[in-house]
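First the proteins, then the strands, lettered A, B, ... as listed; each starts at 1.
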2 protein chains.
Amino acid sequence: MSLQIPMEDFVHYFLGNNLNIDKADFDKFGLKPKVKHYQKGQQLIIQGQPAPTFFFLVKGFVRYLSVSAEGKEFTQSFAYAPGISGSTRAMTKNVNSLFSIEALDDVICLEFDWPVFFEQMKSQPGFMAAYNRLLENMFIKKEEREYAFVQQSAEQRYLTFLDKNPLIRDKIPLKMIASHIGITPIALSRIRNRLK
Amino acid sequence: MSLQIPMEDFVHYFLGNNLNIDKADFDKFGLKPKVKHYQKGQQLIIQGQPAPTFFFLVKGFVRYLSVSAEGKEFTQSFAYAPGISGSTRAMTKNVNSLFSIEALDDVICLEFDWPVFFEQMKSQPGFMAAYNRLLENMFIKKEEREYAFVQQSAEQRYLTFLDKNPLIRDKIPLKMIASHIGITPIALSRIRNRLK
DNA sequence: TCAAATAATAAACCTAGGTTAATGTTGTTA
DNA sequence: TAACAACATTAACCTAGGTTTATTATTTGA
């Protein structure tokens with residue numbers, strides 16, 4: 001592991017607010033992540049291909065995007081450093097990913113092999129519990145999103161997005177925000193015009 | 001535990017296709033669930049109230065519904081025997097539930113105290129792993145739903161619902177299907193008329 | 001620093017689905 | 001089995017957001 005500071009960040013993140021895992025537990029792990037660099041526009045994982053890896057983002061931010069059969073883009077979500085990233089479905093079910101993960105920025109990340117990681121996790125109850133908490137949070141976020149799509153207007157979803165994503169709201173193209181909240185860029189433009 | 005056959009079902013379910021847990025691990029557990037009966041229309045948990053319990057449905061089926069500030073009903077999902085049920089958010093975060101769970105049928109279920117259950121799970125790695133798998137599946141389902149709301153028409157969502165829910169599709173009122181796929185009963189009626 | 005590409009906005013028009021209100025159609029229960 | 005309630009359908013109308021096509025910023029990169 002050559003990146004001293006990011007590794008500290010990583011440990012700190014896992015130990016910290018989100019996952020609350022014991023530092024000692026983590027150090028017992030013999031993890032050998034690869035340090036990877038991606039340039040803006042490059043893909044960390046590719047829709048339709050296996051993705052048995054998960055990432056810890058050390059620097060930069062990414063989006064999850066899927067392209068439908070009709071060629072329509074949908075930005076499922078965003079992730080940014082310090083934080084984790086990957087396709088839960090592709091990793092855990094060993095199937096092809098339904099989305100790509102694209103760097104929106106120059107990205108530095110640690111790449112973990114999921115099968116190895118998962119195997120080791122089984123012998124580390126603290127880590128397993130942390131993974132649990134992570135999944136719970138991910139699920140709850142999707143639940144909130146489900147609710148938003150059914151009960152809220154596009155305008156409300158836009159305002160909520162701005163509110164909940166202060167770190168990236170001014171750094172990503174509006175068309176990505178539009179496709180994230182499930183509308184076209186034209187509709188978002190109308191909303192923005194109405195709001196000002 | 002007085003219900004012999006359901007308990008067998010329960011164990012079998014947890015051991016079985018979904019969670020793949022070892023029967024011996026389960027038996028080590030000293031779980032003392034309450035056996036509960038609910039009549040059609042009664043609520044297992046109530047929106048806005050704490051819900052530190054999870055349920056194993058032995059018989060019958062339920063729906064998760066939330067009512068918005070404007071009084072609009074949304075049927076988040078359905079669950080049926082044999083299977084589990086509860087509010088992940090309310091259980092794990094110890095907050096009030098954002099939805100109610102309502103019996104659509106006469107329901108028999110086992111009620112577990114979440115804090116006790118979770119505490120015991122920590123010492124049973126096999127069970128913790130099973131809970132993980134469950135969360136992964138729950139997350140993936142929500143991901144699919146998110147995708148459906150953004151990329152599919154109401155008609156497609158209706159057809160998908162029928163296809164994926166053979167056990168309940170003919171046993172629940174259409175208005176619940178409508179509110180589950182995010183449209184009004186009127187719109188669903190139009191769709192059904194168009195389809196025949 | 002000037003093209004060329006990409007992003008954002010705007011206008012005109014269209015459509016899926018919401019809303020309201022009326023009318024059948026089931027299902028309960030007294 | 002009558003009467004009431006809940007559910008489902010239909011029609012008429014409305015609106016948010018999609019589509020198409022231009023026009024105007026911004027980036028990007030040579």
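- One interatomic measurement links the two molecules: NZ of K171(A) to P of dA7(C), which rounds to 19 Å at whole-angstrom precision.
- Residue pairs satisfying the salt bridge (charged side-chain N to carboxylate O under 4.0 Å, His left out) criterion with at least one member in residues 67-83 of chain A, sequence neighbours excluded, are listed as follows: R63(A)-E73(A).
- Remark: K93(A) pairs with R89(A), V95(A), N137(B), I140(B) by the side-chain contact (heavy atoms from CB on, under 4.5 Å) rule, at least two apart or across chains.
- Listed by chain and number, the residues in a side-chain contact (heavy atoms from CB on, under 4.5 Å) with Q39(A) are Q42(A), D106(A) (sequence neighbours excluded).
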Could you go through nucleotides 19-21 of chain C and list every protein N or O atom that sits under 3.5 Å from one of its N or O atoms, giving the distance for each pair?
unit_1	atom_1	unit_2	atom_2	d
dT19(C)	OP1	K72(B)	NZ	3.1

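- For residues 34-46 of chain B, the pairs satisfying salt bridge (charged side-chain N to carboxylate O under 4.0 Å, His left out) are K36(B)-E111(B), with sequence neighbours left out.
- The two residues T75(A) and S179(A) have their closest heavy-atom pair at OG1-OG, 2.6 Å.
- Pairs engaging residues 118-127 of chain A under the salt bridge (charged side-chain N to carboxylate O under 4.0 Å, His left out) rule: E119(A)-K122(A) [sequence neighbours left out].
- Identified under the ring pair (Phe, Tyr, Trp, His ring centres under 6.0 Å) test for residues 80-109 of chain A, with sequence neighbours left out: Y64(A)-F99(A).
- In terms of modelled atom types and a separation under 3.5 Å, the side chain of Q120(A) and the main chain of F117(A) share no donor-acceptor contact.
- Nucleotides of DNA chain D with any atom under 4.0 Å from a heavy atom of chain A span, from 5' to 3', dG17(D) to dT28(D).
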Distance-only check: which donor-acceptor pairs under 3.5 Å involve side-chain atoms of residues 188-196 of chain A, not counting sequence neighbours?
unit_1	atom_1	unit_2	atom_2	d
R192(A)	NH1	Y158(A)	OH	3.0
R194(A)	NE	E155(A)	OE1	3.3
R194(A)	NH2	E155(A)	OE1	3.0

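- Between K175(B) atom NZ and dG18(C) atom P the separation is 16 Å, expressed in whole Å.
- The salt bridge (charged side-chain N to carboxylate O under 4.0 Å, His left out) contacts involving residues 156-173 of chain B comprise E144(B)-K164(B), where partners must be two or more places apart or lie in separate chains.
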Side-chain donor-acceptor pairs under 3.5 Å in residues 43-55 of chain A, sequence neighbours left out?
unit_1	atom_1	unit_2	atom_2	d
Q47(A)	OE1	V67(A)	N	3.0
Q47(A)	NE2	V67(A)	O	3.2
Q47(A)	NE2	L98(A)	O	3.3

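- R192(B) places its CZ atom 15 Å from the C1' atom of dG24(C), with the value rounded to the nearest Å.
- Residue N193(B) contributes atom CG, which lies 17 Å from atom P of dG24(C) at whole-angstrom precision.
- The residue G41(B) sits apart from the nucleic acid: no heavy atom pair falls under 4.0 Å.
- Terminal axes of the helix from dT1(C)-dA30(D) to dA30(C)-dT1(D) (five pairs each, C1' rotation axis) are separated by 50°, to the nearest 10°.
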